[in-house]
Protein chains: 2
Amino acid sequence: MDGSRKDDLKELLKKSGYKFTDQRSAVLDVLIKHKDSHLSIDDIYNYVKERNPDIGIATVYRTLTLLQKVGAVVKLDLDDGFSRYELSRQDEDHRHHHLICTNCGDVSEVEDDLLDALEEQILEKDGFLVTDHRVKFYGLCKKCR
Amino acid sequence: MDGSRKDDLKELLKKSGYKFTDQRSAVLDVLIKHKDSHLSIDDIYNYVKERNPDIGIATVYRTLTLLQKVGAVVKLDLDDGFSRYELSRQDEDHRHHHLICTNCGDVSEVEDDLLDALEEQILEKDGFLVTDHRVKFYGLCKKCR
DNA sequence: GTTGGTGCAAAATCTTTGCATCTGG
DNA sequence: CCAGATGCAAAGATTTTGCACCAAC
């Protein structure tokens, strides 16, 4: 199940003239293993070091930038001052949304989209062609209400 | 027209035990003058210095943090690595959306909301009570299409 | 073998903080 | 007056970069 992810990445990289290295593979492994976690760079660095103790933080930065460039990951901003990343999902045409609890800080996700109507309206009114979006909802989660 | 803004801030600060200083007033002036600009901290610092050459960057940081705390400004993340701020608008119950052109980098705004249905659905399905949101649309602006 | 990749440490950025001094109310 | 605010410089934190060495293809 996860092997296909790796093959995909190998393919993606090769297509653009990049190499498939141990470090890149290890970063991908961490992202797969923690796919629901919105990891920060430092989180990723620390997890990767468990298996690959010699990796440098610079490589992690460079790897994530590259993975984002080839579309394998997406950068998130959860307003806590850290860059966070999550795997992009091939079955999504648009990004899912994040629910951020302003009380406990928990971050969950909603798969629903429902922005098509709005995007169509933006095209008509503003002439702006939407290709992607990033949506964050703030509020109170079930537990905190 | 802008005097009311200042009175509002004075009021807001006083209410919470903060002082209305020249520096805070100057920062607000800059934000009012460039209300459609999504200024970075450094932009704000430089504009403020024109009138108030002795102000320190630390004061600008502290002021913006405070203004956000009392609800006078909103922090933006436009994915360029800078913290940006804009005045909050008292006539909005929800934030407007930003359209970010992935070709020329231009940032414009849409006032439409249309997320009420989605937010209601989130409450029913996830038990999450949405109080605010932040929405960014990526795509091609009129000029770049 | 080439060309791109990696690790390390230094540098560059952005932001926060300690402290002496100043100022609004 | 006095609590909060400011300016400055130093410290923190995050991210980027130069360079010699290494590894994928």
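Hydrogens, waters and symmetry mates are skipped; everything else that's a heavy atom, side chains included, is used.
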> Partners of A:H98 by ring pair (Phe, Tyr, Trp, His ring centres under 6.0 Å), sequence neighbours excluded?
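Result, ring pair (Phe, Tyr, Trp, His ring centres under 6.0 Å) vs A:H98: A:H38, A:H96.
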> Can you give one letter per nucleotide of nucleotides 8-18 of chain C, going 5' to 3': B for a protein heavy atom under 4.0 Å from the base, S for sugar-phosphate only, - for none?
B-----SBBBB
> Enumerate donor-acceptor pairs with a distance under 3.5 Å from any side-chain N or O in residues 11-32 of chain A to protein atoms, sequence neighbours excluded.
{"residue": "A:S16", "atom": "OG", "partner": "A:L12", "partner atom": "O", "Å": "3.4"}
{"residue": "A:Y18", "atom": "OH", "partner": "A:K69", "partner atom": "NZ", "Å": "2.9"}
{"residue": "A:T21", "atom": "OG1", "partner": "A:R24", "partner atom": "N", "Å": "3.2"}
{"residue": "A:R24", "atom": "NH1", "partner": "A:K19", "partner atom": "O", "Å": "2.8"}
{"residue": "A:S25", "atom": "OG", "partner": "A:K6", "partner atom": "NZ", "Å": "3.4"}
{"residue": "A:D29", "atom": "OD1", "partner": "A:K6", "partner atom": "NZ", "Å": "3.1"}
{"residue": "A:D29", "atom": "OD2", "partner": "A:K6", "partner atom": "NZ", "Å": "3.2"}

> Quick one: list whatever passes salt bridge (Lys or Arg N to Asp or Glu O under 4.0 Å) with A:D80, sequence neighbours left out.
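For A:D80 the salt bridge (Lys or Arg N to Asp or Glu O under 4.0 Å) partners, ignoring immediate neighbours, are A:R84.
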> Would you kindly give the NZ-to-P distance between A:K69 and C:dG4, to the nearest whole Å?
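Rounded to whole Å, this separation is 11 Å.
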> Can you run down the salt bridge (Lys or Arg N to Asp or Glu O under 4.0 Å) pairs that involve residues 129-145 of chain B, sequence neighbours left out, and say none if there aren't any?
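For residues 129-145 of chain B: B:D77-B:K136, B:D79-B:K136, B:D132-B:R134.
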> How does the hydrophobic cluster around B:L129 look, that is, which other residues are in it when side-chain heavy atoms under 4.5 Å mark a link?
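When side chains under 4.5 Å apart are linked, the cluster holding B:L129 also contains B:L123.
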> Over how many whole Å does the gap from A:D80 atom CG to D:dA13 atom P extend?
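After rounding, the reported distance stands at 15 Å.
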> Could I get the full list of salt bridge (Lys or Arg N to Asp or Glu O under 4.0 Å) partners for A:E119, not counting sequence neighbours?
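If we apply the salt bridge (Lys or Arg N to Asp or Glu O under 4.0 Å) test to A:E119, skipping adjacent residues, there are no hits.
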> Considering just the side-chain nitrogens and oxygens of B:R24, establish if one lies under 4.0 Å of OP1 or OP2 belonging to D:dT6.
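Answer is yes, contact under 4.0 Å.
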> What does the list of N/O pairs under 3.5 Å between the protein and nucleotides 22-25 of chain D look like, with a distance for each?
{"residue": "D:dA24", "atom": "N3", "partner": "A:K19", "partner atom": "NZ", "Å": "3.3"}
{"residue": "D:dC25", "atom": "OP1", "partner": "A:F20", "partner atom": "N", "Å": "3.3"}

> Using a strict threshold of under 4.0 Å (side-chain N to carboxylate O), is an ion pair present between A:R95 and A:E86?
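Yes, charged N to carboxylate O under 4.0 Å.
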> Mind checking what makes side-chain hydrogen bond (donor to acceptor under 3.5 Å, both in side chains) contact with A:S40, not counting sequence neighbours?
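side-chain hydrogen bond (donor to acceptor under 3.5 Å, both in side chains) check on A:S40 returns A:D43.
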> Tell me who clusters with A:L140, hydrophobic residues only, linked when side chains sit under 4.5 Å apart either directly or through other members.
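Taking Ile, Leu, Val, Met, Phe, Trp and Tyr as members, A:L140 stands alone, with no cluster partners.
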> Report the distance from atom NZ of B:K49 to atom P of D:dG7, rounded to the nearest whole Å.
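These atoms are roughly 12 Å apart.
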> Does a salt bridge link B:E109 with B:R89, judged by any charged N lying under 4.0 Å from a carboxylate O?
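Salt bridge between B:E109 and B:R89, a charged N being under 4.0 Å from a carboxylate O: yes.
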> May I have all residue pairs that pass side chain to side chain donor-acceptor pair (under 3.5 Å) and include part of residues 46-67 of chain B, sequence neighbours excluded?
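Sorted pair list: B:D42-B:N46.
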> Please round to 10 degrees the angle between the axis of the first five pairs and the axis of the last five pairs in the helix from C:dG1-D:dC25 to C:dG25-D:dC1.
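End-to-end axis angle: 40°.
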> Quick one: is C:dG7 close enough that its OP1 or OP2 comes under 4.0 Å of any side-chain N or O from A:Q23?
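Checking C:dG7 against A:Q23, a side-chain N or O does come within under 4.0 Å of OP1 or OP2.
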